[in-house]
Amino acid sequence: MNKLLRIEKLVKHFGHGKKAVTVLNHVDLDIHAGEIVGLAGESGSGKSTLARCIAGLHSYDSGAVYFQDALLPKKFSAVDFCQQAKKLQMIFQDPLSSLNPRLTIGDILLEPLRLNSDLSAEMQEQLAIQWLQRMSLKSSDLSRYPHSFSGGQLQRIGIARALIRQPQLLICDEPISALDVSVQAQIINLLKDLRDELGLTLLFIGHDLAMMRYLCDRVAVMHQGEIVEQGCTTDVLEHPQHAYTRKLVNSSPIFL
């Protein structure tokens, strides 16, 4: 299986000098094409910071991030972001705050195509409609604004926006934690179906080990900025080796 993403010895500090705080401490992680990798750990462990470093939203201090063996820059320029949009996209924890409230859903979906596509305006609109319908929404929703949708619908729109450029890697930064329990399973099943249909690769960040057990092929566990354990999901969650992983598993009701 080909390595799509390779992270080597990644280090990230917030602050400077004596006040600097190490958020990522020599993180190593590989993600292979077509798999779903879960990144587990409590709040403050560095999961979201790692995701943002991969996506270019944060610079990092040392180490390296490779995408298909090509070294990504430590600090992204506007050109880098345009090129990267074809490779990876990200969906966020709070779907409402991740969408511009002043734009219609049509403008939100069409914006990445207008910036980075040679398609005609008519073809762009047809593509936006296709993705809305794929998310179980209607073409008439293009003219509506984010505030008129439920949380689950907004996350579906966020997924459509991320995938409309057909990236190879989708980073999901706690995409279900702000949703009702009844909606969480729908979003998880949607992500699983999209992986199967499109051959997507996913990095899924979260706290819910039961969801990771259902969704993920492999799991990496983060603690205080380090990945302390990683491997096949079943092995890590049923036979944890690190004390912190055992603590996470024992605190999850599904495993008691």
Side-chain angles (χ1 to χ4, degrees), residues 5 7 9-14 21-32 35-55 57-58 90-98 151-152 154-155 158-159 169-193 195 201-256:
L5 186 78
I7 302 167
K9 306 299 182 185
L10 204 69
V11 175
K12 169 68 177 175
H13 302 289
F14 284 136
V21 176
T22 301
V23 185
L24 299 175
N25 188 14
H26 295 90
V27 173
D28 293 315
L29 181 66
D30 294 336
I31 300 178
H32 297 89
E35 71 174 350
I36 302 178
V37 174
L39 189 59
E42 60 192 338
S43 298
S45 60
K47 306 185 305 298
S48 293
T49 300
L50 179 60
R52 283 163 170 74
C53 286
I54 297 169
L57 299 176
H58 283 333
M90 193 167 177
I91 57 175
F92 300 90
Q93 178 177 359
D94 184 356
L96 182 59
S97 65
S98 69
L154 288 172
Q155 196 60 286
I159 294 170
L169 173 65
L170 181 63
I171 301 173
C172 308
D173 188 7
E174 303 195 35
I176 61 171
S177 60
L179 304 177
D180 293 338
V181 174
S182 60
V183 181
Q184 290 180 359
Q186 297 174 17
I187 297 299
I188 290 295
N189 285 326
L190 174 62
L191 291 172
K192 193 176 180 72
D193 290 343
R195 191 277 293 266
T201 305
L202 274 71
L203 175 60
F204 183 87
I205 299 168
H207 300 88
D208 192 326
L209 297 184
M211 288 293 187
M212 287 195 178
R213 186 174 189 175
Y214 171 72
L215 178 68
C216 300
D217 303 301
R218 291 192 298 118
V219 170
V221 179
M222 286 199 76
H223 179 52
Q224 295 182 348
E226 299 180 7
I227 292 182
V228 296
E229 186 168 354
Q230 58 180 304
C232 171
T233 300
T234 302
D235 291 341
V236 172
L237 298 185
E238 293 188 2
H239 308 287
Q241 301 300 306
H242 194 276
Y244 178 72
T245 309
R246 290 196 292 270
K247 176 184 174 182
L248 282 183
V249 170
N250 290 334
S251 66
S252 177
I254 194 68
F255 294 107
L256 294 179

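Between L50 atom CG and I205 atom CD1 the span is 7.0 Å, to the nearest 0.5 Å. Atom CG of L190 is separated from atom CD of Q186 by 9.5 Å, given to the nearest 0.5 angstrom. How far OG1 of T22 is from CZ of F14: 11.0 Å, rounded to the nearest 0.5 Å. We find the SG-CG distance between C172 and L203 to be 7.5 Å, quoted to the nearest 0.5 Å. Rounding to the nearest 0.5 Å gives a distance of 7.0 Å between NE2 of H207 and OG of S45. The distance from atom CD1 of I31 to atom CD1 of I36, rounded to the nearest 0.5 Å, is 11.0 Å.
Counting heavy atoms from C-beta outward, V236 and V221 have side chains that approach closer than 4.5 Å. At a threshold of 4.5 Å between non-hydrogen side-chain atoms, the residues H13 and V23 do not count as touching. Looking at heavy atoms from C-beta onward, Y244 lies out of side-chain contact with M222 at the 4.5 angstrom threshold. Under the 4.5 Å side-chain criterion, counting only non-hydrogen atoms from C-beta, T201 is not in contact with H32.
Judged by distance alone, the side chains of N189 and Y214 do bring a donor and an acceptor atom under 3.5 Å apart.
A side-chain contact (heavy atoms from CB on, under 4.5 Å) with F204 holds for exactly one of L39, D173, I188, V219; it is I188. Among V27, L24, D28, the one residue that satisfies the side-chain contact (heavy atoms from CB on, under 4.5 Å) test with K9 is D28.
Ion pairing of R218 with D30 is absent here, as no side-chain N (NZ or NE/NH1/NH2) approaches a carboxylate O to less than 4.0 Å. Salt bridge present: E238 and R213 bring a charged side-chain N and a carboxylate O closer than 4.0 Å.
Scanning both residues, P175 and I91, for their nearest heavy atoms gives CB-CD1, 3.9 Å. A40 approaches K47 most closely through the heavy-atom pair C-CD, 3.6 Å. The two residues L10 and C53 have their closest heavy-atom pair at CD2-CB, 4.1 Å. Scanning all heavy atoms of the two residues, the minimum distance from L248 to L209 falls at O-CD1, 3.6 Å. The two residues G152 and I187 come nearest to each other via the heavy atoms O-CD1, 4.0 Å. Considering every non-hydrogen atom in both T233 and C216, the closest pair reads OG1-O, 2.8 Å.
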Determine whether L191 and I159 satisfy the following criterion, side-chain contact (heavy atoms from CB on, under 4.5 Å), listing intermediate values before the conclusion.
CA-CA 9 Å; L191 291 172; I159 294 170; 4.0 Å; yes
I would like to know whether V37 and D217 meet side-chain contact (heavy atoms from CB on, under 4.5 Å); could you show each step before the answer?
CA-CA 6 Å; V37 174; D217 303 301; over 6 Å; no
Going through the checks in order, is the side-chain contact (heavy atoms from CB on, under 4.5 Å) test met by M90 and F92?
CA-CA 7 Å; M90 193 167 177; F92 300 90; 3.8 Å; yes
Evaluate the side-chain contact (heavy atoms from CB on, under 4.5 Å) criterion for residues I227 and L29: first the C-alpha distance (whole Å), next the side-chain angles of each, then the deciding distance (0.1 Å), finally the verdict.
CA-CA 8 Å; I227 292 182; L29 181 66; 4.0 Å; yes
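Pairs engaging residues 219-230 under the side-chain hydrogen bond (donor to acceptor under 3.5 Å, both in side chains) rule: N25-E226, E229-T245 [sequence neighbours left out].
A donor-acceptor contact shorter than 3.5 Å is absent between the side chain of D235 and the backbone of G231. Q93 contributes no side-chain N or O that, together with a main-chain N or O of E174, makes up a donor-acceptor pair within less than 3.5 Å. With hydrogens and angles disregarded, a donor-acceptor distance shorter than 3.5 Å links the side chain of D208 to the backbone of A210.
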